[in-house]
Each structure stands twice: as C-alpha cells, then as structure tokens.
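FYI, side chains are in, hydrogens and waters are out, and symmetry mates aren't considered; it's all heavy atoms of this structure. Sequential numbering from 1 along the given sequence is applied to the chain's residues.
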Amino acid sequence: QVQLVESGGGLVQPGGSLRLSCVVSGYPANDYAIGWFRQAPTKEREGVSCISIDDGSIYYSDSVKGRFTISRDNAKNTVYLQMNSLKPEDTAVYYCGLDTDHTGSSWYEVWEYDYWGQGTQVTVSS
C-alpha cells in the first residue's frame, strides 16, 4: 500500500521560512517522481515543484522559482520543500503526489499523479 505523509506546515510571518517533508512508503521501485502542489481556498490545486527520484530532474513553477528548493533523501524515502521568503499568497494546503510514469513535460498537472498525501497547512500572515 503506497502512502505519502506530509509534515512541516504551520504559521509563519511574511519573509519567513518553512521546510515541508513528504515521506513515501510502499512503492516498490525508484523510478518515480514526487510533486508538491498547493491549494488555496476557492482555487484549483496548482503544481509548485517536482523532483525525479531516479535522475534528480527538478522543476519549479514561476511563482516559487528562486524562493523554494526541492530536494530528496533517497535513503529516508523523503522529499523536502524548503520555502524561503514566504508571502501571504503562498498560504494554502500543500500536498505531495507520486507520479509512477514520470516524463517531465506535464509535471504540473494534477492528473499526472497516482497517489497523494493528506496535505499540510501553510499560513503566511503577520
């Protein structure tokens, strides 16, 4: 049974930082990708970043490029999202998803992902 568990969300002031974690269990191979998505109230889920576990390819949305950094620790089956210079518009529930057929060109599409975690709330407010 594949499981993804996010953690690390919370309340932070504008300009602050948070590091999210996504722990993956139960997937029997290393040829997958992990994407981070976020969903604010009344908005659609949007792709933030993605990393390929086998070759390390990395992707970012324009809205977070230069502020967020995605990384992986294969020994711990964990993907991290380091978020710096946070803005109020980054407020959302953040989800990680697992893509079993990763090609890269559609990393930002929700339908690309086969498994999802339960989400972690990030609130940026003074």
Side-chain angles (χ1 to χ4, degrees):
Q1 180 181 356
V2 178
Q3 286 191 321
L4 286 75
V5 179
E6 303 100 333
S7 62
L11 173 64
V12 63
Q13 293 186 344
S17 298
L18 283 174
R19 189 178 79 158
L20 305 184
S21 300
C22 174
V23 180
V24 180
S25 62
Y27 190 72
N30 286 328
D31 57 344
Y32 62 91
I34 294 293
W36 282 101
F37 285 69
R38 63 187 181 187
Q39 188 166 17
T42 74
K43 293 189 176 181
E44 293 187 353
R45 193 172 295 192
E46 65 166 342
V48 173
S49 185
C50 175
I51 186 166
S52 172
I53 298 303
D54 53 352
D55 68 11
S57 301
I58 287 175
Y59 311 86
Y60 295 103
S61 68
D62 288 342
S63 62
V64 306
K65 198 173 296 182
R67 299 189 298 123
F68 291 11
T69 302
I70 193 169
S71 62
R72 73 196 196 278
D73 184 334
N74 288 357
K76 296 182 178 180
N77 294 325
T78 302
V79 171
Y80 303 99
L81 186 67
Q82 178 67 43
M83 306 187 297
N84 298 329
S85 303
L86 283 161
K87 306 174 182 180
E89 51 264 44
D90 294 318
T91 295
V93 178
Y94 283 69
Y95 299 89
C96 62
L98 189 151
D99 176 7
T100 62
D101 187 23
H102 177 64
T103 60
S105 60
S106 54
W107 71 267
Y108 51 88
E109 299 283 7
V110 172
W111 50 257
E112 183 70 33
Y113 294 80
D114 306 283
Y115 302 95
W116 292 93
Q118 82 289 349
T120 186
Q121 176 72 46
V122 172
T123 303
V124 185
S125 175
S126 55

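Hydrophobic clustering (ILVMFWY, side-chain heavy atoms < 4.5 Å, transitive): Ile51 and Tyr27 are in one cluster. When the side chains of ILVMFWY residues are joined at heavy-atom separations under 4.5 Å, either directly or via intervening members, Ile70 and Tyr115 end up in a single hydrophobic cluster. Residues Val110 and Tyr108 share a single hydrophobic cluster, defined by chaining ILVMFWY side chains whose heavy atoms lie under 4.5 Å apart. Transitive grouping of hydrophobic side chains (ILVMFWY, heavy atoms separated by less than 4.5 Å) keeps Val93 and Leu98 in distinct clusters. Follow the hydrophobic side-chain contacts under 4.5 Å out from Tyr60 and you never reach Trp107; the two are in separate clusters.
Closest approach of Gly47 to Ser61, counting heavy atoms only: O-CB, 3.5 Å. Listed here is the closest heavy atom pair of Ser17 and Gln82: CB-NE2, 3.9 Å. Across every non-hydrogen atom of Gly26 and Val2, the tightest pair is O-CG2, 3.8 Å. Between Gly56 and Arg72, the closest heavy-atom pair is CA-NH1, 3.5 Å. Closest approach of Gly117 and Tyr95 over heavy atoms only: O-CD2, 3.6 Å.
At distances below 3.5 Å, not a single donor-acceptor pair connects side-chain atoms of Tyr113 with backbone N or O atoms of Ile34. The closest donor-acceptor contact from the side chain of Thr120 to the backbone of Gly9 lies under 3.5 Å. Judged by distance alone, the side chain of Gln118 and the main-chain N or O of Glu6 form a donor-acceptor pair under 3.5 Å. A donor-acceptor contact shorter than 3.5 Å is absent between the side chain of Tyr59 and the backbone of Ser52.
Side chains of His102 and Cys50 form a contact here, defined as non-hydrogen atoms less than 4.5 Å apart. Residues Asp99 and Asp114 meet the side-chain proximity criterion, which asks for heavy atoms closer than 4.5 Å. The side-chain heavy atoms of Arg38 and Leu81, taken from C-beta on, include no pair separated by under 4.5 Å.
For Trp36 and Phe68, the ring centers sit 6.0 Å or farther from each other.
A cation-pi contact links Arg19 to Tyr80, judged by a cut-off of 6.0 Å to the six-membered ring centre and 45° from its axis.
Legend: residues meeting side-chain contact (heavy atoms from CB on, under 4.5 Å) with Val122, ordered by chain and number and at least two apart, are Leu18, Leu20, Met83, Tyr94, Val124.
Salt bridge status for Lys87 with Asp90: absent, with no side-chain N to carboxylate O gap under 4.0 Å.
Within a 6.0 Å radius of CD in Glu44, other residues, nucleotides and ligands contribute 12 heavy atoms or fewer.
A donor-acceptor contact closer than 3.5 angstrom is absent between the side chains of Ser125 and Thr123.
To the nearest 0.5 angstrom, Asn77 atom CG is 8.0 Å from Ser25 atom OG. From Gln121, atom CD reaches atom CG of Leu11 across 9.5 Å, with rounding to the nearest 0.5 Å.
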